[in-house]
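Notes to accompany the following structure.
Letters A, B, ... mirror the listed sequences (proteins, then strands); counts begin at 1. For the numbers below, each heavy atom of this structure counts, side chains included, while hydrogens, waters and symmetry mates do not. No experiment lies behind these values; they were computed from the predicted model shown.
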Amino acid sequence: MTFDIGNMSRRNMLKSASVAALLASSAGSLVAPRRASAQDAKTVRVLSVEDPFFFSMKAMIPEFEKETGIKVELESLSYDALQTRLVSAFVAKTSDADVIAVDQMWLGQYLDNGWIISLNDYIAKDSDIDLADFIPEVLYSSNMWRGQIATLPVAAYAQGVMYRKDIFESFGIAAPPTKAAEDWTWTKYIETLKALEGKSFDGKPLFPTVICGSQPSPITHMFTQLSASHGASWFKSFPGAPWDFSPQLTGPAWAKSVDVYRQLYKLSPPEAINYVWFDAGTRFAKGDIGMFYWWTPYFYLVKNSGYMTGKKSDVINKYATAALPKAEGVSQTVSLGGWSLGVPSSSDRQDNGYAFIKWATSKATQKKMAEWPDLNFQFSDFARKSLYEDADVKKIYPYLDVQYDMMKQGNGKITRPPVPGYTAVESVLGLTLNQLLTGNEDPKTALERTNSLFESILKGNLMIPYQKESYADTLDGAKALIGKLGKA
Amino acid sequence: MHATTLRSPQALAPVRRGFVRRNLPYFLIAPSVIMLLALIAYPLLFALKSSFYFWNLQVGPQPLAFVELDNYVQALNAFDFRAALTNTLILSILGTAIEFSLGLAIALVLLKALPGMNVVRALLILPTTIAPIVVGFLFRYLYDPGGGLVTWLLQSLWLPVPAEGILGSPATALAAILFVDIWQWTPFFAIVLYASLLSVPDEIIEAARLDRASAWTILTRIKLPLIRRTAIIIVMLRFMQIFNTFDTVLVLTRGGPGTSTRTLGYSLYEQGLVNFNVGLVSAQTWIAVLIVNIIVALYVFFAFRNEEW
């Protein structure tokens, strides 16, 4: 088809332009997110992050639609884009979705602002959700806030160690233990790494380990596992009551953790200073890293040559997993994180939303997600105890015992406290840590400066002195709530 | 008794026509003014108001307190914001100057009737059409210390490459981001300047050549003065554009290492869309708006002081 623009009169040109503009705006309304409405009662709109769980969950959705007759409109976004979109929708009070993926760190903010609903009543009335099957440490860390279960976990992450069996054997280095042990300490971990320093394997120079250096969140996620292991606290009193958010970064545990993290960076590829989560995670898959620790999804992600490529990596049958080291004389605390599903208070299809959440987090669906073979089997982020004991699943993911042990030592409320205003202090901590890796500044001085910035930010955000009601948030209290709601 | 004279519809018509005709320019310009107020003036005024309040969406959905100038003080005292301001000015000034110089050189080459120039002109526009976020990902691979093309080229030329990579060293990271901008936007200068140079009348150039003027004299005394207005305007536009650099920083370095590549655009993103501190980000926005407007106003004043409009 051709258009003879040369013969078109100005009037016709203007008319055409107007129609084009109208069509463009109509097209815009077609692609814009649809608002939930009572007219689509048999629909549920799900807004998710595009983490690994998303792909296997998406593959199972036809089954949910068949089982319930509810049509699913699934949309995925990146981490930053999801948070931005959700907060914009909440502030504007628009009903953007009926189910949303909620990062553990957003829980306090979302519940305190009334942006998502409590699921307590739904769970209490539901006889077959089997609440007791969830790992209590996961529900406590990722789903509970002020005595409310606001979300349910669709993908739970702990942290653990991955190492190259063949390299360790070749150099006669003892394999790290698969269960927590008193003598498996960070000191021993660094000694083990140093045994690999300057070595080559298969004709390639080796890096003993790899760290995540990019600010602010990636480096904080990896570093806080170290600091939690060393007994570092962010605040004077949290999650125990009364809440006092006076920062505690000047304590010796923080300085010691920075020292260990700097040692780890010296044993890593230098460009790791800019590594985000998956850069660090998939670097191991390239085959020149001896051992590292990271979020448990990398227990399976390293089977691929890159992040979710589906192409087998060089290390697919050559690596094993191990327990996280601990600090001498300090009880281990493992960082827990991950994704959960919640229902926005603005949704007018909350029943459908709960039905989807119940389905997606159920044992049956999670098992099917684990058995989905695409991308070399890419889902073992279970929050349910029974799946860690399931023989079919263990056959695909042989490291589940290690992962479960880490989960049971987890406490996400200590490692990265999910308090309102968290990201502001995380920005400052991430920047400091990033600077400390490349610079020569004394960690103590940098941490004192960061502590004072924390204090200023928290005072500015009305968190010091804390002006709202405190809540004694303990694991025992969480277990009691699980028992109460499970039996109701 | 007062006599009331009623005008017939026929009598009203000329009056209405006259009113419309008299005010036609205002009616025609009104939609633009309304759009301008809605899309620029209102958000700026809203940000101005918000900048005097404590309003953090992580802590509460509504503004919680009137804090006078606290947000401005906090913004100006934050070392990372000051670093961002410095980096942004370096990027904007150097970027604009280098892109203009290179763009002018390329435009002058394009004027030559050399073989293959049509293809060159077509290829030249390509970098400008790629989204900055895509360019960021592209250069992430090009800068890769383990075999990226740029790294390999530098090493092949015996030039030092930091062990932590071009993007990993505070000494080279900002230059690497500047290079990305230059790669993407120099063609924009080249094409606009080429188009302007085409409008320079051949007779003037011929006359100058007959007078034995050198190429440099023709360029500086004839060509550049004749394309001066266009050049001034595109320099101003590019300066303002680089001042908002964000996408490439997010993809390549997230402002690091340390604060070495942090820009105002990245700081605004972090405060606004990660920390949701509406009050603070509004103050930062106003500081950025004031700085860029002062610079542009001074630039326009000096650039156009001898011009008649």
Inset, instruction - Measure the acute angle between the ring planes of A:Trp277 and A:His221, then classify it against the limits of 30° and 60° as parallel, tilted or perpendicular. - result: perpendicular
Assert top hit (heavy-atom pairs under 4.5 Å, partner chain B, pool A:Asn461, A:Thr438, A:Val91, A:Leu431) equals A:Asn461
Check the angle between the aromatic planes of B:Phe139 and B:Phe179 and answer parallel, tilted or perpendicular using the 30° and 60° thresholds.
perpendicular
* Can you label the angle between the A:Phe238 ring and the A:Trp145 ring as parallel, tilted or perpendicular, going by 30° and 60°? => tilted
* Parallel, tilted or perpendicular: rings of B:Trp55 and B:Phe46 (30°, 60°) -> perpendicular
Chain A shares the most heavy-atom pairs under 4.5 Å, among B:Gln62, B:Arg262, B:Glu164, B:Glu270, with B:Glu164
Applying a strict 4.5 Å limit to non-hydrogen atoms, the region of A:Tyr265 in contact with chain B is side chain
The interface call for B:Pro257 against chain A, heavy-atom contacts under 4.5 Å, is both
Given A:Met463, A:Glu426, A:Lys468, A:Glu271, the one with more heavy-atom pairs under 4.5 angstrom with chain B than any other is A:Glu271
Okay, A:Lys286 and chain B: the region with an atom under 4.5 Å from a heavy atom over there is neither
When the 4.5 angstrom heavy-atom criterion is applied to B:Ser169 and chain A, the contacting part is neither
Practice item. Would you tell me whether A:Thr432 and A:Thr450 have side-chain atoms, one donor and one acceptor, within less than 3.5 Å of each other? Key: yes
Most heavy-atom pairs under 4.5 Å with chain B, out of A:Val419, A:Ile273, A:Asn434, belong to A:Asn434
The interface call for A:Asp279 against chain B, heavy-atom contacts under 4.5 Å, is side chain
Turns out that what part of A:Trp115 lies under 4.5 Å from chain B's heavy atoms comes down to side chain
Aromatic centroids of B:Phe276 and A:Trp106 separated by under 6.0 Å: no
If one checks every heavy atom of B:Leu252 against chain A at 4.5 Å, the contacting part turns out to be backbone
Among residues 207-215 of chain A, those lying within the under-4.5 Å heavy-atom range of chain B are A:Ser214, A:Gln215
Validation: residues 151-163 of chain B side-chain donor-acceptor distances under 3.5 Å, sequence neighbours left out:
residue	atom	partner	partner atom	Å
B:Thr151	OG1	B:Tyr143	O	3.1
B:Thr151	OG1	B:Asp144	O	3.1
B:Ser156	OG	B:Trp152	O	2.7

**Prompt:** Does a donor on one side chain and an acceptor on the other come within less than 3.5 Å for A:Thr423 and B:Gln58?
**Reply:** yes
A:Tyr471 and A:Trp243 have their tightest heavy-atom pair at O-NE1, 2.9 Å
Nearest heavy-atom approach of A:Val102 to A:Gly342 is CG2-N, 4.3 Å
Just checking, is any N or O donor in the side chain of A:Asp80 or A:Ser78 under 3.5 Å from an acceptor N or O on the other one?
-> no
Cut-off 4.5 Å, heavy atoms of chain B, and the answer for A:Leu453 is side chain
Bottom line for A:Pro216: the part with an atom under 4.5 Å from chain B's heavy atoms is side chain
Does A:Arg283 count as lying over the ring of A:Phe292, i.e. NZ or CZ under 6.0 Å from the six-ring centre, within 45 degrees of the axis? no
